[in-house]
Amino acid sequence: MKLHGRSHDRQSLARHAGDLSAAGGVRSVVLDDGSERGIRTLEFRTGGGLSFDVLVDRAMDLGGAEFEGRGFGWRSATGFRHPGLHEYRDDDGLSMMRSFSGLLLTAGLDHTLFGAEVDASQYRYPPRRTAVHALHGRVANLPARLTGYGERWQDDGRCVLWTEGEVRQAAIFGEHLRLTRRIEADLGGSEIRLTDRVRNAGFDPTPHMYLYHVNVGWPFLDEGARYELPPHRTLWRSDSVAEQGVSHTEMPAPLPGFVEQVYEHELEADAAGLARPRLVNERLGVYFELEFDTAQFPSFFQWLHLREGAYAVGFEPSTHHVRGEAAAREDGSMTFLEPGEEREYTTTFRVGHLD
């Protein structure tokens, strides 16, 4: 590995510093002010220019993120609000908008996209014949049980910064889904590796929908930045696209009154089944790239929210198409996990310099 232009192995680091934290590492802190008060957070520093926060009490989602001191994880006005302040059904099901900030917000585990009322008869509880869902489901505001974190030297000479935890979404006479999340980054590296496993820990067939809302903000996002997609076919676009006519590839400066523009694209994958959309900022000479498996996430949404004060673009790999849960149930594409059944998702977040 290289740190600050110099190659270091375990022995060399030990000779130069009595603690690995001189080069990078993972530190546990608790946020202690405002609406963020009480959130357990893990601060990752790779020593390769990449730093990011894991919000343990927010489903182990990714909060702030920087590359060589420049932010790329979106920071909205909501901050990283404590989940104890969250009311799932508030604001007519749009309560997520009061907690929406950071590089990654996970949507699921049993519902994504806009709210819906769907059949829940599989749980066999007469007073609850239907389930009523809000925008993007419950998981992003559930605390995790932290099972470990730290730094570990591998046999190949790499030092891996890591954390792992479990998020449980459960109800009596309802779903019992468990998300096991592992996050890794290499000392000296500039990528984040995310491995998720979602398991039906209950004894009833249970709906499962999953989506990553990956959000890149200023200064990586700025006037002139390019949103680059692999070869693709656009399947759907919001009405605001025709009404506003703002490009989905060449980014403008923040716009007054901008209405979000959303697209569903079918991305062409490489031979390994991977797609790599990215945001390029030539003025800064940097890029952000998301790599995901199109077999795990067959749908992809592009989110443009270019309004003043909330300036962001989103990368959204999804298990289901944009029409949502009710439509997926109707057309037969809805996923139901049988008792004990599990799905795995592997995704990489990557930043770097342009060649």
Side-chain angles (χ1 to χ4, degrees), residues 72 74 103-108 111-114 116 135-137 194 196 207-216 220-221 224-252 255 258-282 287-307 312-335 343-351 354:
F72 63 94
W74 181 46
L103 178 61
L104 171 64
L105 180 138
T106 302
H111 174 82
T112 62
L113 301 163
F114 282 97
L135 176 63
H136 283 324
L194 186 69
D196 285 351
H208 172 53
M209 303 179 76
Y210 210 48
L211 178 151
Y212 291 148
H213 213 302
V214 180
N215 312 294
V216 178
F220 265 51
L221 172 64
R226 295 194 315 275
Y227 195 126
E228 296 184 344
L229 293 162
H232 64 281
R233 182 165 62 100
T234 300
L235 306 177
W236 178 89
R237 51 176 60 86
S238 60
D239 292 341
S240 56
V241 173
E243 293 165 357
Q244 295 177 142
V246 174
S247 171
H248 70 288
T249 57
E250 299 294 328
M251 298 298 101
L255 299 170
F258 182 84
V259 178
E260 66 173 3
Q261 293 183 187
V262 184
Y263 306 76
E264 181 176 2
H265 303 298
E266 183 179 73
L267 302 185
E268 185 176 308
D270 66 11
L274 302 176
R276 299 181 184 86
R278 65 183 197 164
L279 184 76
V280 172
N281 186 319
E282 290 189 348
Y287 70 89
F288 167 84
E289 180 178 270
L290 183 71
E291 178 183 283
F292 65 93
D293 189 327
T294 58
Q296 297 169 353
F297 291 114
S299 296
F300 178 79
F301 312 133
Q302 179 186 17
W303 182 62
L304 302 182
H305 191 38
L306 305 174
R307 185 183 298 191
V313 295
F315 299 69
E316 299 181 55
S318 172
T319 57
H320 291 80
H321 52 68
V322 76
R323 292 188 297 149
E325 182 172 356
R329 286 174 178 247
E330 185 176 332
D331 68 20
S333 63
M334 186 63 192
T335 301
R343 295 291 175 92
E344 182 172 280
Y345 304 93
T346 54
T347 308
T348 300
F349 303 69
R350 188 174 293 119
V351 290
L354 298 174

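Each residue takes its place number in the sequence, starting with 1.
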Open item on the list: Closer than 3.5 angstrom, by distance alone: can the side chain of T347 be matched with the main-chain N or O of L194 as a donor-acceptor pair?
Closed with: no

- [ ] Could you pull out the closest heavy-atom pair between R276 and P230, with the gap in Å?
- [x] N-CG, 3.9 Å

- [ ] Give me the ring orientation class for H232 and H248: parallel if the planes are under 30° apart, tilted from 30 to 60°, perpendicular past 60°.
- [x] perpendicular

Open item on the list: Using side-chain heavy atoms (C-beta onward) and a distance below 4.5 Å, is T319 in contact with M209?
Closed with: yes

TODO: Verify, without hydrogens or angle tests, whether Q261 (side chain) and V246 (backbone) share a donor-acceptor contact under 3.5 angstrom.
DONE: yes

Task: Spatial distance of atom CG (L274) from atom CG (L267) [nearest 0.5 Å] - done: 12.0 Å

Open item on the list: Could you tell me if the side chain of M334 sits less than 4.5 Å from the side chain of E325, heavy atoms only?
Closed with: yes

Open item on the list: As an exercise, state the distance from CZ of R350 to CG of L290, rounded to the nearest 0.5 Å.
Closed with: 9.5 Å

Open item on the list: I'd like to know if the side chain of E264 pairs up with that of H321 as donor and acceptor (distance under 3.5 Å, no hydrogens or angles considered).
Closed with: no

- [ ] Might you point out which heavy atoms bring P252 and L255 nearest each other, and give the distance in Å?
- [x] CG-CD1, 3.9 Å

TODO: Over 60° means perpendicular and under 30° means parallel, so classify the ring planes of F288 and F349, tilted if in between.
DONE: tilted

Task: Heavy-atom check, side chain of P207 versus side chain of R329, under 4.5 Å - done: yes

TODO: Mind checking the CD-CZ spacing from E266 to R233? Nearest 0.5 Å is all I need.
DONE: 4.5 Å

Open item on the list: Go through it in stages, so that I can follow the logic: the residues are N215 and W303, the test is side chain to side chain contact (heavy atoms under 4.5 Å, CB included), and I'd like the CA-CA distance, side-chain angles, deciding distance and then a yes or no.
Closed with: CA-CA 9 Å; N215 312 294; W303 182 62; 3.7 Å; yes

Open item on the list: What I want to check is whether the side chains of H265 and T234 have a donor and an acceptor closer together than 3.5 Å.
Closed with: yes

Open item on the list: What's the separation between atom CD in E282 and atom CG in L354, rounded to the nearest 0.5 Å?
Closed with: 6.5 Å

TODO: Assess the pair F315 and Y227: is the distance between their ring centroids shorter than 6.0 Å?
DONE: yes

- [ ] For residues V259 and Q244, report the shortest heavy-atom separation together with the two atoms involved.
- [x] N-OE1, 2.7 Å

Open item on the list: To the closest 0.5 Å, what do you measure between CZ (F220) and CE (M251)?
Closed with: 15.5 Å

Task: Reported NE2-to-NE2 distance for the pair H320 and H111, which is rounded to 0.5 angstrom - done: 11.5 Å

Open item on the list: When you compare the side chain of E260 with that of S238, does any pair of heavy atoms fall below 4.5 Å?
Closed with: no

Open item on the list: Has H136 got a side-chain atom pairing as donor or acceptor with L113's backbone, closer than 3.5 angstrom?
Closed with: yes

Open item on the list: Tell me if a side-chain donor or acceptor on T348 pairs with a main-chain N or O of E291 at a distance below 3.5 Å.
Closed with: no

Task: Pair F292 + Y212: ring centers closer than 6.0 Å - done: no

Open item on the list: So for atom CG, which belongs to D331, do other residues, nucleotides or ligands contribute more than 12 heavy atoms lying within a distance under 6.0 Å?
Closed with: yes

Task: Heavy-atom closest contact (F72 atom, L103 atom, distance) - done: CE1-CD2, 3.8 Å

Task: Pair T106-Y210, side chain to side chain contact (heavy atoms under 4.5 Å, CB included): steps then yes or no - done: CA-CA 8 Å; T106 302; Y210 210 48; 3.5 Å; yes

TODO: Taking all heavy atoms of L304 and all of F258, pick out the closest pair and write down the distance.
DONE: O-CE2, 3.3 Å

TODO: Search all heavy atoms of A275 against all heavy atoms of T294 and return the closest pair with its distance.
DONE: CB-CG2, 3.8 Å

Open item on the list: Quick one, V313 and W74 - any side-chain contact, counting heavy atoms below 4.5 Å?
Closed with: no

Open item on the list: Tell me whether the count of non-hydrogen atoms from other residues, nucleotides or ligands lying under 6.0 Å of CZ in F114 goes above 12.
Closed with: no

